[in-house]
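Lettering follows sequence order; numbering is per chain, from 1.
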Amino acid sequence: MRMSQLFGHTLRETPADAETASHYLLLRAGFIDQLMAGVYSYMPLGQRTKHRVEQIVREEMDGAGAQETLLPAIQPRELWEETGRDALMSDVLFPVVDRRERMLVLGPTHEEVVTSLFRDHARSYRDMPVTLYQIQMKFRDEARPRAGLQRLREFTMKDAYSFDMDEEGLDASYGAMFEAYTRIFARCGVPIVPVEADSGAIGGKGSQEFVFLTEAGEDHIVICAQCNYAANTEKAEFVRPPAEGEEALAVEEIETPGMTTIEELAAFLDVPTARTAKAVFYTARNFGEHSGGEPVFVVIRGDLQVNEVKVVNALGGGVELEPMTDAEVAAAGIVAGYASPIGVADNVRVIADTSVAQSPNLVAGANREGFHLRNVNHGRDWEGAVSDIALAEEGHACVRCDGGTLGMERAIEMGHVFRLGVTYSEPLNAVVLDSEGERRFPTMGCYGLGVDRIVAAAVEAHHDDDGIVWPAAVAPFDVHLVGLGLDRDEAVAAEAVALYEELTATGLDVLFDDREESPGVKFNDADLIGVPLRVTVSSRNHKAGAVEVQRRGAEQSEQVARAEAVARVGALHEAARAEGA
RNA sequence: CGGGGUGUAGCUCAGCCUGGCAGAGCGCUGCGUUUGGGACGCAGAGGUCCGCAGUUCGAAUCUGCGCACCCCGACCA
């Protein structure tokens, strides 16, 4: 590609709205352009990189035995009603109406469609196991798109779906995808950590995320400093700081005027927050509903925070929590600021974190303005389902090893693999016959990966003050050929063109800067765009019978004899590719 | 969805407080000089000052209502 023909230019100044490195570098280098919030065009350079990422994904999916398909992005809403996810995902669904006023949606994910496809074409265990995948646009009306390609409303996902007869089959299919993901991220130069995760709106019986640790990320991950335990905070478990094992004492009412927060209360009574019980109350509603719902009263030790994802799971899932309104608090007979698990109305669901169940003699509200109770004990003074509903925080003790401490990192979720089970095959009635002739629901897995996020993460992981430093496998070009002073010296120009053609003939993708620009402009653009190898042809080099080759990001360049140039560049290219593999 | 911020040339922004000719730098076009790390001179093109309404002799500037975008949080794959 001759740079004089390339559509799009580098920008000298950083666009004001871009904050993260991947965002402003991709904009400045001319890879992407924003159309609206969370929606971007890929310009030629960006599209080349995206293609290379997709090709790596394809190779690894095919290598793992998955078969490529292409499922419709536009889908009938009824299909989503069959699984109930029209309500569950209603806040991100892009609705569409056709000319006959039929309700359609732009697909945010494809479990329903692929299960429908499977239902129509798979007949028995002889058609299985099978894993289908596609690389396709997904549409989600995100509340807050952000950071360039990191959170988009229209994005490219590789999604795969496995169908097996039993758990052992799912284990094998899931394992194969897990391995493929590990290889994909390694080849793209994105360092990832697999972490335990909540499966959210996708559902199923367990999932793992592949995350890229970066300050620019929006997920929070806890990682044990001692063992390999790593989990999204939505899911993360931890060992509660131990309670003092004293005998249960008699309940005692105490006056605590104006002490409506845990901090005030603990200071007033001069006890650690871990000796108090905190109450938080919610209304749990089905998705898409805005009234009614079930009152939920959550009790947790004062030194811990409530993890709402865990509360939803403790309630059986499928609901969303909203803080109770003042009217709902009053209706539930709760005195805010002095709420007590003792004497809660029968229609209120009470959930206790394991921390309160294992801590004797806590201070809790008296459900009476200006009063608290000392020596409240779960099981003796009040009942309530015990569950892990606490948010893991930095410094908490690891559940998987002895003496390990959890650290907190920010991360971008790059991929997510789920063990679905029959979450979709059952409601969609995708039945196959097993070897006994019995009708069975296949056990499914699904595996998603964000292509745009790989592009963004590769930049986030590989850049310097001058620009992008692409991993060779996903660079838009293999070689950036810089010709200096081509309009002044015909011999140099001829040499540059000849080298361009020779390098291209060996199969390398070459970006040839044949523009009439000053050397400084060309070098700065080359650094910004970040192609792994830069080859400079100039009158100075020409006189020495050489060209100059420099690895992007390297301190030194090397002079290579003109006659050796093609072979040397080829060898350096192979070496650069090998680094990422 | 809550909080904060910003909308003026392709980009980065000044002008707004205190109403009175639409501005700068970079980029862009042409000509000339220059040529190994974002050169220089000359000449030029380029505007719905986010939109609508209001106040005023007069609005980029003041007021109201919208819209868009960004950031933090909530939520989310």
Side-chain angles (χ1 to χ4, degrees), chain A residues 8-20 23-24 27-28 30 33-39 85 88-93 107-111 138-148 150-153 155-159 197-204 207-211 216 218-220 232 234 287 290 308-309 312 320-323 411-418 446-453 466-467 482-489 492 513 515-528 534 536-544 548 550 557:
Chain A
H9 300 280
T10 57
L11 304 176
R12 291 210 178 183
E13 283 169 291
T14 299
D17 285 342
E19 305 260 332
T20 62
H23 189 190
Y24 68 73
L27 285 171
R28 270 197 68 201
D33 178 79
Q34 182 176 30
L35 181 65
M36 56 179 175
V39 179
R85 287 213 298 177
L88 189 62
M89 296 190 81
S90 61
D91 53 338
V92 296
L93 277 181
T109 177
H110 281 70
E111 285 78 14
K138 298 285 186 277
F139 302 87
R140 298 183 188 178
D141 194 3
E142 289 290 339
R144 185 153 105 80
R146 63 181 295 268
Q150 194 177 130
R151 176 167 298 278
L152 296 166
R153 297 199 294 165
F155 61 103
T156 302
M157 180 191 265
K158 186 290 301 173
D159 44 326
D198 182 74
S199 46
I202 302 296
S207 72
Q208 286 168 289
E209 288 174 349
F210 292 79
V211 303
E218 47 189 342
D219 284 359
H220 295 272
N232 194 306
E234 291 178 350
F287 280 87
H290 300 288
E308 294 184 8
V309 174
V312 168
E320 53 189 344
L321 294 178
E322 286 175 37
I412 300 174
E413 177 188 357
M414 303 299 303
H416 201 156
V417 294
F418 302 79
C446 75
Y447 318 92
L449 172 157
V451 172
D452 318 88
R453 283 185 179 177
D466 296 322
V482 176
L484 298 184
L486 305 186
D487 52 324
R488 293 195 316 279
D489 189 327
V492 175
D513 193 345
R515 299 173 302 168
E516 290 182 25
E517 290 286 356
S518 70
V521 170
K522 293 192 176 193
F523 288 138
N524 278 302
D525 278 350
D527 287 344
L528 183 57
R534 188 182 81 197
T536 306
V537 174
S538 69
S539 60
R540 182 204 287 178
N541 292 326
H542 180 70
K543 283 182 194 123
E548 184 180 341
Q550 184 162 11
S557 63

For the P atoms, the ones on B:C16 and on B:U56, what distance do you get once it is rounded to whole angstrom?
24 Å
Can you tell me the pairing partner of B:G51 across any strand shown, Watson-Crick or G-U wobble, with both distances under 3.5 angstrom?
B:C65
Test item: A:K158 side-chain N/O and A:Y447 main-chain N/O as donor-acceptor pair under 3.5 Å
yes
Round to a whole Å and report the spacing from CZ of A:R153 to P of B:C76.
18 Å
Go ahead and name the base partner of B:C42; Watson-Crick or wobble counts if both distances stay under 3.5 Å, otherwise write none.
B:G30
Separation of A:R151 atom CZ from B:C70 atom P, in whole Å?
13 Å
Taking A:K522 for the side chain and A:R515 for the main chain, is one N or O donor matched with an acceptor at less than 3.5 Å?
yes
Using a 4.0 Å heavy-atom cut-off to protein, can you give one letter per nucleotide of nucleotides 32-40 of chain B, 5' to 3': B if the base is in contact, S if only the sugar-phosphate is, - if neither?
---BBBBS-
Rounded distance (Å) that lies between atom C1' of B:A9 and atom CD of A:E13
13 Å
Using atom C1' in both nucleotides, what's the gap between B:G20 and B:U29 to the nearest angstrom?
34 Å
B:A45 to B:G4 separation - C1' atoms, rounded to the nearest Å:
39 Å
Base, sugar-phosphate, or nothing for A:A37, non-hydrogen atoms under 4.0 angstrom?
sugar-phosphate
Test your reading of the model: is there a side-chain donor-acceptor pair from A:R453 to the backbone of A:M414, 3.5 Å cut-off?
no
Expressed in angstrom and rounded to an integer, what is the separation of A:H220 atom NE2 from B:A74 atom P?
7 Å
Base, sugar-phosphate, or nothing: which does A:M157 touch, judged by heavy atoms less than 4.0 Å apart?
nothing
Interatomic distance, A:L27 CG vs B:G10 P [rounded to whole Å]:
17 Å
What is the nucleic acid contact for A:A147, judged by heavy atoms within less than 4.0 Å: base, sugar-phosphate only, or nothing?
sugar-phosphate
Does any donor-acceptor pair link the side chain of A:D219 with the base of B:C76 at a separation under 3.5 Å?
yes
Checking A:R146 now: which residues fulfil side-chain hydrogen bond (donor to acceptor under 3.5 Å, both in side chains) with it, not counting sequence neighbours?
A:Q150
Between P of B:C69 and OH of A:Y24, the distance in whole Å
24 Å
Looking at every heavy atom in both A:S207 and A:H416, which two are closest together, and how far apart are they?
OG-NE2, 2.8 Å
Take atom P in B:C26 and the same atom in B:C40, then report the distance between them in whole Å.
8 Å
In terms of the nearest nucleotide of RNA chain B, which residue is placed more toward the 5' end: A:Q150 or A:E19?
A:E19
Within the side chain of A:D219, is there an N or O that forms a donor-acceptor pair under 3.5 Å with the backbone of A:N232?
no
For B:U18, give its Watson-Crick or G-U wobble partner with both distances under 3.5 Å, or none.
none
Pairing nucleotide - B:G37, Watson-Crick or G-U, each distance under 3.5 Å:
none
Interatomic distance at C1', B:G38 relative to B:G2, whole Å
43 Å
Between B:G5 and B:C50 - C1' atom distance, rounded Å:
16 Å
Whole-Å distance between B:A68 P and A:R146 CZ?
20 Å
So, does A:Q34 use its side chain to make a donor-acceptor pair with the main chain of A:M36 at under 3.5 Å?
yes
Are the side chain of A:D527 and the backbone N or O of A:G467 linked by a donor-acceptor pair below 3.5 Å?
no
Base, sugar-phosphate, or nothing for A:F210, non-hydrogen atoms under 4.0 angstrom?
nothing
For A:L35 and B:A68, give me the distance from atom CG to atom P, rounded to whole Å.
13 Å
With nearest nucleotide decided by heavy atoms, which residue, A:G38 or A:H416, maps closer to the 5′ end of RNA chain B?
A:G38
Roughly how many Å apart are B:C49 and B:A9, using the P atom of each and rounding to a whole number?
10 Å
Nearest to the side chain of A:R144 - B:C75, B:C71, B:U12?
B:C71
Can you tell me, in whole Å, how much space there is between the P of B:C57 and that of B:G19?
15 Å
State whether the side chain of A:R28 and the backbone N or O of A:L11 hold a donor-acceptor pair below 3.5 Å, judged by distance alone.
yes
Identity of whatever pairs with B:A24 - Watson-Crick or G-U, under 3.5 angstrom:
B:U12
Using purine N1 to pyrimidine N3 plus N6-O4 or O6-N4 for Watson-Crick, or N1-O2 and O6-N3 for G-U wobble, each under 3.5 Å, what pairs with B:G2?
B:C72
